[in-house]
Amino acid sequence: MLRLGEAWTLLTNAEIARKLNEIRTLMELAGEPYFKFTAYERAASAIENAGPVNDLIAAGELLVLPGIGKSIAATIEELCSSGDCGLLRDLYVRFPPTIFEVLGVSGIGVKTAATLFERFGIASLADLEAAIEAGKLAEMPRMGPKTIENMKRGILAYKGRSRRTPLARAKAIAATVMAYVREGPPVARLLAAGSLRRGEVTVGDVDIVCTSEEAAAVIDWFVRWESAHAVLAEGPTKASIWLEGGLQIDLRVLPDHVYGNLLQHFTGSREHNIQLREFSLRKSLRVSENGILNLESGDVTTCASEEEVYAALGLQFIPPELRSGIGELELAKNNALPRLVELADVRGDFHMHSTWSDGRNDLEEMIAAAAARGYEYHSISEHSQGRGRVGLDPAELRAQRQKVRELGDRHHIVTLCSNEVDILPDGSLDFPDEVLAELDIVVASVHSAINQSRDEMTRRLIRACENPFVTIIGHPTGRMIESFAGYEFDYDAVFAAAARTGTALEIDGQAGRLDLPAPLARRAKEFGATFTVDSDAHDATQLENIELAVTQARRAGLTKDDLLNTRPLDGVRAFVAAKRSRAA
DNA sequence: GCCGTTTTCGGCCCGACTGTTTTCAGTCG
């Protein structure tokens, strides 16, 4: 177990994965064997989806991850202890870091980049532009005018490229794309697959799968869309476009009888598909989007549904949210996958705001909207007094308590009285215990002093868990998807405290948060923690954020039993009472 | 470099599309 105060360079999983991918690419540039550098790619993927690396190292569990053996484990440990590693330093002696600019240009892969570097010394975007300007590139083999034109376009796109797109925005864009496709030639089925369907927090591109008997006509309709800023590829069954801003949309159209194969193939992830195909190959079955080929008999099995695909391979059906290549295949072989929580299991939502704090709909509108969703109960959780103008003081809180009970009755829903109380820098709360004791539910969140040291933040969160009146830790890491990685603390220590004290950890469904992140929730479950899925809605329409929260819970492998707000009201009250009585 | 429901050594996913080519290498997902 990692102790407080140990001098570790705390690289996040994402940072470690990025460095492993850098090693992978530079090794390929250096001409290392294929299966050597791809091993680093697979390891990077495993790290991205794993629990916190520092905790895994401390627990001696690094080698448990698929694709990580002794050599790569040593590299990861070196990265964690020093922030750097000899392997990467050596590679950077040969290639400057700006080589990744060249590789970032769409259409330039490792082979081309290596040739450009060796023959012309092109090691940056500026070098590349100068070489094109000077007409040097035409000397290269297979470098015709069209390739050079595409390269110029790729450079422009690289410069103006936006980052990965947050899940909620990508879902909205996918809906727009599919609405357009439906206006064209007849299609049987149409669905957004890829990382979007897996519920990843951000997506790099949007994959749309479609079945139709008129593929060519559908493709033609698609590439002629007025929102298509550029057409990157156009074939008989597949096309790719860029939207304004650079988001790529891929459309694949096949006949309806292979819908299951098609959907499985394009839902991925890459690592999941590789593992699935390697597994299948050992049974002499070759899996692709076109069907399952039996290499011995030559028979092709096509599947109308994904369930049939997994069944044909002798596997339990694997839900999309679990297809990240981190051991789900092993579980499926043994029929041991968890039965994931579903939206329909959720009986209430503990976290929403009204105009009493910083929400945009008034109390009655929020309560009516919660009732309209069919919830049995919910709670209004405004901010606490320390938030100044947007927060409630104890008198306002008491006034609201009367009000919410009346309104709940009027709308035939149990409206619990709650508050999202600030956790102050020392771990105490923004209300004294006697005020908290009047509430049905207490959500406690960090909103200030987010740059505290790891030790201070760890103690702060543990102290909040230890308060007998705290029911839920709200958005536990504070991460903001596009801008902030989250405050630093000892995850294992806080998860253990949450489990020990009977404090639930929130999976906050606000589009910019999705916090706890799924890999951390997965880790917290190992400590026996309980969770909630909440919308953190600031207006009535945002109550649907609960769907994003459920998706993240599913990615974490959580079941109905792991959550608090899948329980009947009695069960919720018992959870709260148990913690309060234990403390007394 | 990793890994085993054929293997601790000998394998390692699959196919579409492009641009350049007269048969394919490179890129991408």
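Naming convention: chains lettered A, B, ... in sequence-line order (proteins, then strands); numbering from 1 in each chain. Atoms considered below: every heavy atom in the structure, side chains included; atoms not considered: hydrogens, waters and symmetry mates.
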Would you classify [X] as touching base, sugar-phosphate or nothing, given that sugar-phosphate means primed atoms plus P, OP1 and OP2, and contacts are heavy atoms under 4.0 Å?
{"X": "A:Leu276", "value": "nothing"}
{"X": "A:Gln248", "value": "sugar-phosphate"}
{"X": "A:Tyr40", "value": "sugar-phosphate"}
{"X": "A:Asn334", "value": "base"}
{"X": "A:Ser280", "value": "nothing"}
{"X": "A:Lys70", "value": "sugar-phosphate"}

Between A:Tyr34 and A:Glu28: side-chain donor-acceptor atoms closer than 3.5 Å: no
Nucleotide opposite B:dT8 in a Watson-Crick or G-U pair, distances under 3.5 Å: none
Closest nucleotide among B:dT27, B:dC2, B:dC13 to the A:Ala39 side chain: B:dC2
Given 3.5 Å as the limit, does a donor-acceptor pair link the side chain of [X] with the main chain of [Y], or not?
{"X": "A:Glu321", "Y": "A:Gly199", "answer": "no"}
{"X": "A:Thr25", "Y": "A:Asn21", "answer": "yes"}
{"X": "A:Gln275", "Y": "A:Gly325", "answer": "yes"}
{"X": "A:Asn294", "Y": "A:Val300", "answer": "no"}

Check ion pair A:Glu22-A:Lys19 (N to O, under 4.0 angstrom): no
Letter per nucleotide, 5' to 3', of nucleotides 14-24 of chain B [B base touched, S only sugar-phosphate touched, - untouched; heavy atoms, 4.0 Å]: SSSSSBB---B
Rounded distance in Å between the C1' positions of B:dT18 and B:dT23: 15 Å
Short side-chain N/O contact to B:dT27 OP1/OP2 from A:Thr112, under 4.0 Å: yes
Nucleotide B:dG10, atom P - distance to CD of A:Glu278 in whole Å: 18 Å
